[in-house]
Each structure stands twice: as C-alpha cells, then as structure tokens.
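Report on the following structure.
Quantities reported herein were computed from a predicted structural model and do not represent experimental measurements. Order of the sequence lines sets the chain letters (A, B, ...), proteins ahead of strands, with each chain counted from 1.
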Amino acid sequence: MDLARFLNTEQQKAVRALEGPVLVLAGAGSGKTRALTYRTARLIDNGVDPANILTLTFTNKAADDMKGKIVKLLGKERIKGMWLGTFHSICLRILRDNLARVNRSEGCLIYDTTDSVDIIEDIILEFGLDDLEYEAKIAYNIIQKAKMELIAPEFLIKEYARENKGSQHYYQVLSRIYQEYERVLLNNNSFDFNDLIKKTIELFSKYPEILREYQNRFKYVQVDEYQDVNHAQYQITSLLSEPEGNIFVVGDDWQGIYGFRGADIKNILEFEKDYPRAEIIKLEQNYRSTNNIISVSNQLISNNKQNKEKTAWTKEGDGAPIFLTRAKNPQVEAAYVARRINDLVNHYNYSYKDIAVLCRTNFQSHYIQQVFPRSHIPYQLIGGVSFFDRQEIRYFINYLRLLVNPEDGLALKRLFRIEADGVGDVLLSEINRYAREHKIQVADVLADPTRVKGIGEKKAANLIEFKLRVLDGIRGLRKMKMPFPRKALQLYELIDFENNVINELGNTAERLKYINFFMEDIHNYHKYNPGSTLYDYLLINELLGGQDELEEDNTDSVKVMTAHSAKGLEFPVVFIIAVEEDVFPHQKSLEEAAAGSNPYAVEEERRLLYVAMTRAEKILFMSFSQRKSGNNGEEKEVKPSRFLYELPVERMDLSSVDILRKSRRLQFKKDPTILKKN
DNA sequence: ATACCGTCTTTTTTT
DNA sequence: AAGACGGTAT
C-alpha cells in the first residue's frame, strides 16, 4: 500500500502504529476515519486475520461508511470474518450466542426508550406512588444512567444519595423501582439498550472462559469517536483488549456531545493514565473548512476548560467571513435563510444538496418547514419523526413482537389498549397482579377473568372474546411454518388491523400508505436476507432506530437536521439557526449547570456548537431572532447566545447585526468571488 | 372505571 | 404532531 500518496505524515504515523495502545486525537475534518480505515486495511495487508479485528462505532451510519471504505481498499473477500459495528450491535451479537447465560431465551427483543418509560410508569402506578414525586421519565433517566455506570439496584442509594439530588428516601424508592424494572425485563424476556452493554459485561465476569474466548479472537480492538464512550463501553473495550493490549482509539475531545447518554469525556482525556505505554498521535491539519471557519470555531472551543492540548489549522485561505444575522422573529429568520439559499443557488453556483440547516432541537425546524415550501426550496428533514415511529407502524410492530416473543408483557398490555373494550390501566394492572401472584400467564387469567376484582360479567365476556380471537390466534400463527412476510400479512388480517387500528386512528389514507410501505419493507428484507427470520427483522429495526431507511437520498435538496445528527457530515454551506440563550445553550443545560448536577453542561453545549460550525466547508451562516411567541401568546424577548460573544468579530460579517458590535459593516456581496462555489 | 373530546402545551440531543 | 390535562358521558 502506498500510504504516502493518500496520507499526510501524521496520518501515516497513525496507520503504521499497529501494536500496543494508541490514541489518535483528531480534530474535525482531519481525516480520522481515513486513518482508521487505512489502518484496518494495513493490518490485513500485513497478514492479520480479519477475524482478529474488532472495530466499534457509535452510529450505524459510521459503521456502514467505514465498512464501505475498507471494502473499497481491499475488496469484499479480504475482510471476511471482521467484526465492525456499533457497540450495541456487537454486544447483541455476543449475547445472542449466550442467551441462556444472561437469563434470556430465543425471541428476546429490545425495548426502546418509550417502551422502558411505559414499564416504569406501570411500576410507579402499581407501587401506588405519587406520580408527581416519582415521574417515570426522570426515574428512567436515573436508572439508565446507573446501568451505564454498571451500578446495580441495591447500590443505587449508596452511589447517588451523596449527590444530594434528592433525599435518601427518594433513592431508596428509586432503587426498588429499578429492581422491579429489571425483574419485568427478565420476565418479558427483553433487553433495553443499555442492557446490551451491561449484560455483556456481566456475561464476561460470570464466565471468564467466554471472555477469554473473545479476547483470543479480538487481538486488535479499534474504537471510533472514543470521546463518546460511557463507563460500560469503556469496560467492554478494555476487557477485550486486555491480553494483547492492542487498543487503537480515535476521537476528538472537542466533539464530545453525548454526555447526556453517559459518555464520559474523561475516558479520552485520561487514556494515557489507563495505558501508560500509549502512543499519542495528533491529527491537526484540517482538510474540510476555510481558515475563517477554523479560526472562529477554534476561538469558540478555547473557552472550554476541559480540553486536551491540540490545535487545528489549514492550508486553505480565509474564505468568506462568518455571517451573523439577527431577525425580528423566527419566521423572519426562516425567511432570511430561504432568501440566502435561493441567492446561493441562483447566483453562486451552489445546489440545494450543498446546503444544510442545523438546529439545536428538532422543534427549531418548525418555521423552516413552514417557509421553505413557500420559497420553493426542496428540503429533507433528517432525524425527526422516523418512519418506524409512526403510530400505525408502532402498533403493528407491537403485534409482531408478540408473535416472536410471547412473554412480552408490554406488547400484550398495548394490545389490551386497542382490543379490550372497557379495560384500562387500572384493571390491567389488577390482571397483571393476579397473574403474578398466582404465577400464571396473563392469557390464562383471561380464561376466567371474573376472578380478578373489578371485572364484571360484561367486561369478562369482552376479555374472553379478545383472548380467543387475538391471543389464541397469535399463538396459532406462531406455530405455523411459512415465510415471515406471509405470516405478517396473515396476522394483519387475523386482527383486522385496518378496521381495528387504522380506522380508529384517523387519517386513514395516509396511514394505509405507510403500513403498505412497511409490509413492503418486510418483504424486501426477507428477499435480500435469505434465511432470515422475523426475529432478525425486528432486532435489526430496533438497533437501527428506523433511521437509515430513508437516508439513501441523492435528491437535490437542502438537509435540515439537529447538530447531533450532523456529526460526521460536511456541507459546503451551513446555516445554524436559533443561536440563542436557552436554545443554544439549551435551557435544560443551563438548569443542570445552575443546579450543580452537571457542572460541564455548558461546555458540552459549546462543543455542540463547535460540531455544528465545523460541518461547514466554505460558508457558515449563523442567526438568531429578537423575539418569539412565548407561553400565553405573549411575545418574549430573546437574548443572543452567550457563545456569539466569544467569536472574533474580525472574521465575521456583522452587517445585519448591531448587537454585538455596532461599527462593523461588511457587505455580503463585497467580494462575490469568495462566495462562489468553485 | 373508562372513554372520549376539546384544549393546551411542549418538544435535547441517540443506540 | 403528539402528549397532557380536565371535563363530561357511559
């Protein structure tokens, strides 16, 4: 491999570092993925068996991208047996081979956030707790955080009480909720997302011989976006790479934006402490952006205290200044963005697909969505409400889940909601309690529902009918041998989904269209993955979170998305909207910082803005509005983001802002050649 | 006890 | 657009 032709000196150094612990600190746009792919290729080129290489990423997209690039270098054949995927999918793969050892069995599915919160809501209800004091969402967050830190229910009190975010008593109750939650997952033969990591570690510590098996296999462990690993993930990588010590991690502490899901930036900051022999390589040359963009974003990030020594530089010229604009309100702001986009497309050679609009929250795209169609700008929302999150799809998946995993109590509960007239949350929890106390299945309780208190003759009749038609129907289908797309269709008819669900939800035509897409998706999956099962299909969708499905677009459209989903992407032109106090930094972060529960919350917001800014190659626009409609129709003052005051004005165009600096007046069209695409 | 309807609010980020 | 809430009908 002729490395020198494709890589700079530092990148080559990274690619040549094949043994021992290596940390590659790589700034935005410095070619870190490139280094990782070339290193993988080089390992294999040097005779390492691909089966000995494990590469972990955070998103499916990153995994797919990297795989594509390695295949391009080596061809499909030469990477056979290599494991490359997200932490979650890799751990699932390990767990699937060891289900019984983690007390699960065939058919075990994964609960997403909504599912887990629902379960916790039920627990709070069943425990008879005040649901104002014990809010399910908050309990969920604390429990998940504990799971990411590998803290068992019985240690929750000890670990958290001293953080005095609540009384000792609060955490005692929470510990009970956590315990019960784990019991429900076990009972329902299900995992939640964090279980995938946590149970893998439990598997390894309970069965050292299995850990050894995987250690022997994975002689080379590589991790992308290392700044985003949480404690549990850190354990996985360090356990697996222990014997050989060949751990190669790539990351950028400046881009750590996943603290809220447990990422601990200390893992990257203290890599050298964990691995004293570690080789540290810095990739500092940026190949993406103009000097102005790099200088301004460098200046921003230098305000963080939690930083590793690193610089970013480029051979590029200054390019266009960073445009900062103040609008009267969000509508005007959106109109401004639309005008600029049409300018760029009509007069400066850009296409719509060169342009991205980034926002802090999905909600910010609201006004964009109102204005763009009127301005005839084609756009595509990335992230947002995904296909699989649509109600009718969720409902149907619910039935499918029961088909695969009869023990899924949550799915069963949701069926009650749809199918069992006159039975709501209260009666249902009575039924559940009865089933648990008598150690029988819910379906068996329904054979004679009058046993449960509160269920009279009429409701009992409904429940029996429900059991016979739906539950027994699903049970029958489960035993049948036929291709799963056909099974899904039969189920659809059996429960008369169209009448019972689609019509009930309203908006029938649209929902029918989507459910048809879904059926098609099932068919396609079966077609392109011969030998796969319904179980595989459901698992894959749970892991993908339904994202990637709609992303294979080559349409010429502006991409609208959150700064989080923009990570890893780049665009010639980027607009960042609503750069305002309480939005960017987000109010929630400011609260956390003020409460002291997360002293680095604002730093993370600053990193997020840094990520957003560094997506831009040539032109960067930032904007904010002065007022917006508040709670009761009243207009509300908006303050410009504190981050804006940290930027160097000499590299910016403030011609349409006078808040930050009144005197400066640069013209947008002063030197049009700077703006031109090529 | 539950369903249903209208009104209001409310949106962090993701596997 | 979907949840949360509160009131009314069954």
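Seen from the ring of A:Y258, A:R261 counts as a face-on cation partner, given the 6.0 Å and 45° thresholds.
Between A:F191 and A:Y111, the distance from one ring center to the other does not fall under 6.0 angstrom. Aromatic ring centres of A:F260 and A:H586 lie farther apart than the 6.0 Å criterion allows.
In this structure, A:H366 atom NE2 and B:dT11 atom P are separated by 15 Å, rounded to whole Å. Spacing between atom CD of A:Q144 and atom C1' of B:dT13 amounts to 16 Å, rounded to whole angstrom units. Taking atom CD of A:E591 as the reference point, atom C1' of B:dT12 lies 12 Å away to the nearest angstrom. Distance, A:E603 CD to B:dT12 P: 23 Å, rounded to whole Å. Atom CD in A:E605 sits roughly 9 Å away from atom C1' in B:dT13 (whole-Å rounding). Rounded to whole angstrom, the span from the CZ atom of A:F363 across to the P atom of B:dT11 amounts to 10 Å. In this entry the distance linking CG of A:L358 with P of B:dT13 reads 14 Å, nearest Å. We find that OH of A:Y111 is positioned 21 Å from P of B:dT15, with the value rounded to whole Å.
Side-chain N or O atoms of A:S589 include none that pairs as donor or acceptor with a backbone N or O of A:Q587 at under 3.5 Å.
Distance from the side chain of A:F260 is smallest for B:dT14 among the nucleotides B:dT15, B:dT11, B:dT14. When distances are taken from the side chain of A:R261 to each of B:dT12, B:dT13, B:dT15, the shortest belongs to B:dT15.
Residue A:S565 places at least one side-chain N or O closer than 4.0 Å to OP1 or OP2 of B:dT14. Note on A:N362: every side-chain N or O is 4.0 Å or more away from OP1 and OP2 of B:dT12. Look at A:T562 and you'll find a side-chain N or O under 4.0 angstrom from OP1 or OP2 of B:dT14.
Of the inter-residue distances, the one linking A:L534 atom CG with A:L400 atom CG reads 5.5 Å to the nearest 0.5 angstrom.
Within 4.0 Å of A:S589, counting heavy atoms only, lies no atom of the nucleic acid at all. Nucleic acid contact for A:F58: sugar-phosphate only, since backbone atoms but no base atoms lie under 4.0 Å from a heavy atom of the residue.
Looking at A:H586, its side chain has no donor and acceptor atom pair within 3.5 Å of the base of B:dT12.
Separating the P atom of B:dT12 from that of C:dC5 is a span of 15 Å, rounded to the nearest Å.
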